[in-house]
There are 2 protein chains.
Amino acid sequence: MGYEEEIFTVLKTHHLRLTKTRKALIEVFFRYEVPLSAQDISRELSKIQRAVNKTTVYRELERLREIGIIGAVQLGDRKQYYELALRRHHHHLICLRCAVVEDIDMDERALLGQEKRIQGEKHFTILRHSLEFFGLCKMCS
Amino acid sequence: MGYEEEIFTVLKTHHLRLTKTRKALIEVFFRYEVPLSAQDISRELSKIQRAVNKTTVYRELERLREIGIIGAVQLGDRKQYYELALRRHHHHLICLRCAVVEDIDMDERALLGQEKRIQGEKHFTILRHSLEFFGLCKMCS
DNA sequence: TGACAAACGCAACTCAGTTGCGTTAGAGTA
DNA sequence: TACTCTAACGCAACTGAGTTGCGTTTGTCA
Ligand SMILES: [Mn+2]
Ligand SMILES: [Mn+2]
Ligand SMILES: [Zn+2]
Ligand SMILES: [Zn+2]
């Protein structure tokens with residue numbers, strides 16, 4: 001079963017319908033590898049003649065996040081960004097000048113070790129972490 | 001020279017005056033070890049009979065950030081938080097249920113190694129990183 | 001094909017932060 | 001101490017991201 005089919009199965013188990021809007025919105029995430037904001041989504045849907053009200057976009061993003069299809073990312077400005085949660089865990093490089101975003105894979109074994117230590121010391125259950133790198137991209141530095 | 005005096009010297013070199021408001025605002029940061037929002041600052045200033053207009057708070061926070069006295073932190077909600085930049089580099093544990101925030105120190109040697117590798121591979125100049133841990137605190141888990 | 005809940009659009013709203021502009025007040029100088 | 005210059009301040013109006021309530025439409029399943 002491909003990723004898209006898997007997603008549609010997840011929707012079904014949550015009694016979420018496969019509307020044209022929802023399908024188009026999920027496809028937007030498949031077409032971009034960078035985190036997208038509500039406005040990004042709106043713009044992309046308009047481009048393909050599937051314009052929707054912004055309330056729908058926000059509600060949809062929240063629903064997809066709740067059921068784990070997308071995940072929220074914070075890139076340092078006041079917006080929420082989202083990306084497909086099925087991508088393997090990774091972090092981002094964010095250019096402070098041109099705002100370009102790049103996915104970054106890294107060996108997190110040391111980090112997971114630290115998490116384990118912190119959980120023990122602080123009696124805090126760590127569920128997730130956010131790690132983003134800010135700086136200047138090739139073009140801007 | 002103590003920290004406060006050092007800060008006041010920095011202000012002077014940037015031609016920033018030592019107003020009652022600015023002094024009180026900086027002292028608020030010294031009294032709390034957790035990141036503070038503009039509203040937190042406003043509330044604390046009101047408590048000590050030094051209430052100021054919110055525009056002043058926002059402008060002041062931005063100025064202090066520009067000259068490096070405070071640094072911005074993002075804790076997952078839509079607000080900006082700030083803390084004294086003179087604190088040694090550290091990260092945070094954030095409880096997803098009660099929102100309590102705790103400073104966390106960790107060995108970042110492995111992380112700095114990864115940064116070096118990324119800089120080389122991606123031709124991206126990393127200037128800073130944000131690393132926050134989300135989960136459930138002792139009381140909430 | 002009918003019923004029912006999910007999805008949708010719209011307008012009005014909230015909340016964090018910003019802008020323009022006129023007034024007030026530190027701080028260096030006379 | 002008074003003078004001057006500009007940083008700092010308050011206020012009102014605004015912006016932009018996201019939210020809410022509610023009435024209407026549409027998918028899905030029987
Ligand atoms: Mn990504
Ligand atoms: Mn801290
Ligand atoms: Zn760049
Ligand atoms: Zn808690």
Side-chain angles (χ1 to χ4, degrees), chain A residues 5 7-28 35-46 48-67 69-82 99, chain B residues 5 7-28 35-46 48-67 69-82 99:
Chain A
E5 287 73 24
I7 283 178
F8 297 147
T9 304
V10 172
L11 290 177
K12 211 164 189 179
T13 67
H14 286 269
H15 311 288
L16 298 187
R17 293 170 184 169
L18 190 49
T19 60
K20 293 179 206 305
T21 295
R22 177 165 291 148
K23 195 155 183 280
L25 195 152
I26 292 172
E27 280 164 2
V28 170
L36 301 172
S37 68
Q39 292 91 304
D40 293 335
I41 296 287
S42 254
R43 186 177 4 84
E44 292 307 314
L45 290 178
S46 295
I48 57 171
Q49 332 304 334
R50 296 230 56 87
V52 286
N53 188 275
K54 67 170 180 167
T55 307
T56 301
V57 174
Y58 284 112
R59 279 200 281 239
E60 192 56 29
L61 289 171
E62 178 54 20
R63 264 186 295 238
L64 295 181
R65 195 197 55 75
E66 272 170 18
I67 63 173
I69 288 177
I70 59 177
V73 189
Q74 290 184 293
L75 302 182
D77 59 13
R78 299 180 47 227
K79 296 180 208 160
Q80 282 292 336
Y81 292 82
Y82 300 89
Chain B
E5 287 73 22
I7 282 178
F8 297 147
T9 303
V10 173
L11 290 177
K12 210 163 190 180
T13 67
H14 286 269
H15 307 109
L16 298 186
R17 294 171 186 170
L18 190 50
T19 61
K20 295 180 204 303
T21 294
R22 178 166 290 148
K23 196 156 182 279
L25 195 152
I26 291 172
E27 280 164 2
V28 169
L36 301 171
S37 68
Q39 292 93 304
D40 294 334
I41 295 286
S42 255
R43 185 177 5 83
E44 293 305 316
L45 290 178
S46 296
I48 56 170
Q49 331 305 333
R50 297 229 57 86
V52 286
N53 188 275
K54 68 170 180 168
T55 308
T56 302
V57 175
Y58 283 112
R59 279 199 282 235
E60 191 58 28
L61 289 171
E62 178 55 19
R63 265 187 295 237
L64 295 180
R65 196 197 55 76
E66 271 170 18
I67 64 174
I69 288 177
I70 58 177
V73 189
Q74 289 188 292
L75 302 182
D77 60 13
R78 297 180 48 226
K79 297 179 207 160
Q80 282 291 336
Y81 292 83
Y82 300 89

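In what follows, chains carry the letters A, B, and so on, assigned in the order in which the sequence lines appear, proteins first and then strands, with residues in each chain numbered from 1.
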**Item:** A/Ile67 and A/Leu11, any side-chain heavy atoms less than 4.5 Å apart
**Value:** yes
**Contacts of A/Ala24 that satisfy side chain to side chain contact (heavy atoms under 4.5 Å, CB included) - sequence neighbours left out** = A/Leu45, A/Ile48, A/Arg50
**Message:** Under a 4.0 Å threshold between the charged nitrogen and the carboxylate oxygen, would B/Arg63 count as salt-bridged to B/Glu60?
**Reply:** yes
**Message:** According to side chain to side chain contact (heavy atoms under 4.5 Å, CB included), who are the partners of B/Tyr82, at least two apart in sequence or on a separate chain?
**Reply:** B/Phe29, B/Leu61, B/Arg65, B/Ile70, B/Ala72, B/Gln80
**Message:** Please report the distance, rounded to the nearest Å, between NZ in A/Lys23 and C1' in C/dA7.
**Reply:** 17 Å
**Residue closer to the 5' end of DNA chain C, A/Val52 versus B/Gln80 (nearest nucleotide)** = A/Val52
**Asked** C/dA7, D/dG18, D/dC9: which one has an atom nearest the side-chain heavy atoms of A/Lys79?
**Response** D/dG18
Between the protein and nucleotides 18-22 of chain C, list every N/O to N/O distance that falls short of 3.5 Å.
from	atom 1	to	atom 2	distance (Å)
C/dT19	O4	B/Thr55	OG1	3.3

**Prompt:** Between A/Lys20 and B/Thr21, which is nearer to the 5' end of DNA chain D once each is assigned its nearest nucleotide?
**Reply:** B/Thr21
**Residues which pass salt bridge (Lys or Arg N to Asp or Glu O under 4.0 Å) with A/Lys54, listed by chain and number, not counting sequence neighbours** = none
**Request:** Output the residues of residues 36-46 of chain B in contact with DNA chain D, where contact means a heavy atom of the residue under 4.0 Å from an atom of the strand; sort by number or write none.
**Result:** none
**Request:** Sorted by first residue and then second, give each salt bridge (charged side-chain N to carboxylate O under 4.0 Å, His left out) pair with at least one member in residues 70-82 of chain B; sequence neighbours left out.
**Result:** none
Side chains of residues 12-20 of chain B: which donor-acceptor pairs under 3.5 Å do they make with residues two or more places apart or in other chains?
from	atom 1	to	atom 2	distance (Å)
B/Thr13	OG1	B/Val10	O	2.8
B/Thr19	OG1	B/Arg22	N	3.1

**Message:** Once side-chain hydrogen bond (donor to acceptor under 3.5 Å, both in side chains) is applied, do any residues pair with A/Arg43, and if so which ones, sequence neighbours excluded?
**Reply:** A/Asp40
**Asked** Angle, rounded to 10°, between the helical axes spanning five pairs at each terminus of the helix from C/dT1-D/dA30 to C/dA30-D/dT1?
**Response** 30°
**Message:** If I take atom OH in residue A/Tyr82 and atom P in nucleotide D/dG18, what distance separates them, rounded to the nearest angstrom?
**Reply:** 7 Å
**Residues forming a side chain to side chain contact (heavy atoms under 4.5 Å, CB included) with B/Ala51, sequence neighbours excluded** = B/Ser46
Would you tabulate the pairs of protein nitrogen or oxygen atoms and nucleotide nitrogen or oxygen atoms of nucleotides 27-30 of chain C closer than 3.5 angstrom?
from	atom 1	to	atom 2	distance (Å)
C/dA27	OP1	B/Leu18	N	2.8

**Asked** Tell me: CZ of B/Arg22 to P of D/dG10, nearest whole Å?
**Response** 12 Å
**Asked** Between A/Arg63 (CZ) and D/dG27 (C1'), how many Å, whole number?
**Response** 13 Å
